Amino acid sequence: MGVRIGAEPDADDWPATEAEAVAAQDRLREAADLVGPGPDPDQVRTVGGVDVAYADDGDLVAAAVVLDATTLAVVDESVHVGRTDFPYIPGLLAFRELPSVAAALRGLSHRPEVIVCDGYGVAHPRRAGLAVHLGVLTGIPCFGVAKTPFLFDYAEPERQRGAWTPLTIDGEQVGRALRTQDGVKPVFVSVGSGIGLDNATALALRLAPDYRQPETTRAADHLARQRLAERAV
DNA sequence: GCGACAG
DNA sequence: ATCTTGTCGC
């Protein structure tokens, strides 16, 4: 327990207002590595997943898991129980979730080779979504897989699993709409930092052999919800 | 100006 | 995100 994840979010320097958060994202964007290429999807051995579950009273549970990239079995997991002061503001999700997610990651025994986020990377108003933030912070290749579209344009991918179409913002490519299951709504893949879009797409598809969402996200989601329900006992 | 808006 | 019944389908 206690794996290095790179720099930690500085509690004293953490934005408290919307304006400060936006300014922080503008600086953060410059530090991101959008090319990678990052780990070869066929050579990766471990993949990390993170997610957060919330209670009505503001309590939260952040979960971090590590899966064997071949069997997709969970080989390591960690949770952080805490709270957030930062409200949910579209475009500023990272400032609400990231400190708790980072805490959960520090509780892992094994450092994953790549991390999958539940949300956006550069498919974001300031190209600085949760996956960009986490990738820069940890130094671990990171990308995002979101369930719903925000401000980008895209054409509907073909019906079969593996089909994808580009996500664009003002003509700029910021990710892909990827069909992970035949005839099921696509997910939205975008790079965070330390990995290229081709590898991120291939990995997302490989991590979702049976369901719409990657197993990393499913495992982290289940763990967070379970621990939140057990809380207060 | 108003609404919509990752999770 | 979270709150929720029944319902359709494998």
Side-chain angles (χ1 to χ4, degrees), chain A residues 9 15 18 21-22 24-25 28-29 32 49-65 79-105 115-137 142-154 161 167-170 174-178 180-193 197 200 204 209-214 216-232:
Chain A
E18 188 166 343
V22 169
Q25 287 184 329
L28 184 78
R29 178 180 48 220
V50 294
D51 195 25
V52 183
Y54 299 88
D56 298 320
D57 56 13
D59 284 353
L60 65 79
V61 174
V65 298
V79 297
H80 168 80
V81 181
R83 299 179 61 83
T84 316
D85 299 322
F86 214 96
Y88 169 69
I89 301 172
L92 299 180
L93 176 66
F95 297 95
R96 176 173 171 78
E97 300 201 333
L98 204 145
S100 300
V101 166
L105 283 171
I115 294 174
V116 183
C117 288
D118 185 10
Y120 297 148
V122 296
H124 175 279
R126 287 168 296 281
R127 310 294 186 274
L130 180 62
V132 173
H133 213 137
L134 192 62
V136 170
L137 184 78
C142 187
F143 66 95
V145 177
K147 300 179 293 296
T148 60
F150 194 170
L151 48 67
F152 41 74
D153 299 306
Y154 70 97
R161 165 181 155 83
L167 255 43
T168 63
I169 298 178
D170 295 325
V174 295
R176 290 173 183 164
L178 173 67
T180 54
Q181 296 296 316
D182 293 355
V184 173
K185 286 189 303 182
V187 291
F188 305 93
V189 180
S190 59
V191 158
S193 186
L197 186 54
D210 299 320
Y211 297 91
R212 180 185 179 224
Q213 294 193 85
T216 38
T217 298
R218 285 167 43 80
D221 179 87
H222 289 158
L223 177 59
R225 292 197 198 208
Q226 178 188 315
R227 295 301 284 270
L228 185 68
E230 292 174 352
R231 156 208 68 123

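All figures in this text were calculated on a predicted structure; none of them were measured in a lab. A, B, ... follow the sequence lines: proteins, then strands. Residue 1 opens every chain.
Put simply, the residue from A:Phe152, A:Tyr120, A:Phe150 that forms a ring-ring contact (aromatic ring centres under 6.0 Å, His included) with A:Phe188 is A:Phe152. The residue from A:Leu130, A:Thr216, A:Asp221, A:Val101 that alone fulfils the side chain to side chain contact (heavy atoms under 4.5 Å, CB included) condition with A:Val50 is A:Val101.
Taking side-chain N and O atoms only, A:Tyr88 has a distance below 4.0 Å to OP1 or OP2 of B:dA6.
In terms of heavy-atom proximity, A:Arg212 sits nearest to A:Thr180 at O-OG1, 2.7 Å.
Distance A:Ile169 CD1 to B:dA6 P: 13 Å, rounded to the nearest Å. The distance from atom CG of A:Asp221 to atom P of B:dG7 is 11 Å, rounded to the nearest whole Å. The distance between atom CD of A:Glu97 and atom P of B:dG7, rounded to the nearest whole Å, is 9 Å.
No side-chain N or O of A:Tyr88 forms a donor-acceptor pair with one of A:Glu97 less than 3.5 Å apart.
Close approach of DNA chain C to chain A, defined as any atom under 4.0 Å from a non-hydrogen atom of the protein, starts and stops at C:dA1 to C:dT2.
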Notebook entry, point to check: Tell me, what's DNA chain B's dot-bracket, Watson-Crick or G-U with both distances under 3.5 Å, | for other-strand, [ ] crossing?
Noted result: .......
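In this structure a side-chain-to-backbone donor-acceptor pair under 3.5 Å is present from A:Ser190 to A:Gly121.
The ring of A:Phe188 does not lie on top of the base of B:dA6; it is either too far (5.5 Å or more) or too tilted (30° or more).
Between A:Phe143 and A:Val116 there is a side-chain heavy-atom pair separated by less than 4.5 Å.
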